Amino acid sequence: MKLSVQWIKVLYGIALIVVGIILAALHFVVAGDGIRDFISGIIAIISVLAILVGTYMTSSGIKNGK
């Protein structure tokens, strides 16, 4: 069974959302003092961006796949 390009984009989008959620959880583990707060902030930004891009890819893939 072959998947079309739209559904592969949907799967990549879901994977990005999952990675974003994992990074959000890691953000709280890394938090500390000084440089650890800076790294924690970068992880939080990457997490939000991954979730946003994953949501966009998933929604556009589902919309175009119908």
Side-chain angles (χ1 to χ4, degrees):
M1 178 170 109
K2 282 194 147 187
L3 293 175
S4 66
V5 175
Q6 286 87 11
W7 293 112
I8 292 175
K9 287 173 93 174
V10 169
L11 291 176
Y12 283 144
I14 292 171
L16 271 174
I17 292 171
V18 170
V19 167
I21 292 170
I22 291 170
L23 284 174
L26 182 66
H27 152 70
F28 292 111
V29 173
V30 173
D33 56 349
I35 191 71
R36 291 177 63 187
D37 276 342
F38 179 72
I39 293 172
S40 174
I42 291 175
I43 291 173
I45 291 171
I46 293 172
S47 166
V48 169
L49 290 176
I51 291 172
L52 287 174
V53 170
T55 303
Y56 175 75
M57 285 178 65
T58 304
S59 63
S60 69
I62 290 174
K63 183 179 73 172
N64 293 335
K66 288 185 177 179

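Just so it is clear, the structure is predicted and the values come from calculations on it, not from any experiment.
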With rounding to the nearest 0.5 Å, note down the distance linking [atom1] in [X] to [atom2] in [Y].
X     : Y     : atom1 : atom2 : result
Ile43 : Ile22 : CD1   : CD1   : 12.5 Å
Ile46 : Ile42 : CD1   : CD1   : 7.0 Å
Thr58 : Ile51 : OG1   : CD1   : 11.5 Å

Side-chain heavy atoms under 4.5 angstrom apart, residues restricted to Ile, Leu, Val, Met, Phe, Trp, Tyr: same cluster for [X] and [Y]?
X     : Y     : answer
Phe38 : Ile45 : no
Phe28 : Val48 : no
Met57 : Ile8  : yes
Ile62 : Ile14 : yes

State which residue, out of Val18, Ile17, Leu23, Val19, fulfils the side chain to side chain contact (heavy atoms under 4.5 Å, CB included) condition with Ile21. Ile17

Ser40 side chain vs Arg36 backbone, donor-acceptor pair below 3.5 Å: no

Mind checking whether Tyr56 and Val53 have side chains closer than 4.5 Å, heavy atoms only?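 In short, these two side chains do not touch, never coming nearer than 4.5 Å.
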
Could you tell me which non-hydrogen atom of Ala50 sits nearest to which non-hydrogen atom of Gly20, and how far apart they are?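 Closest approach of Ala50 to Gly20: CB-CA, 4.0 Å.
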
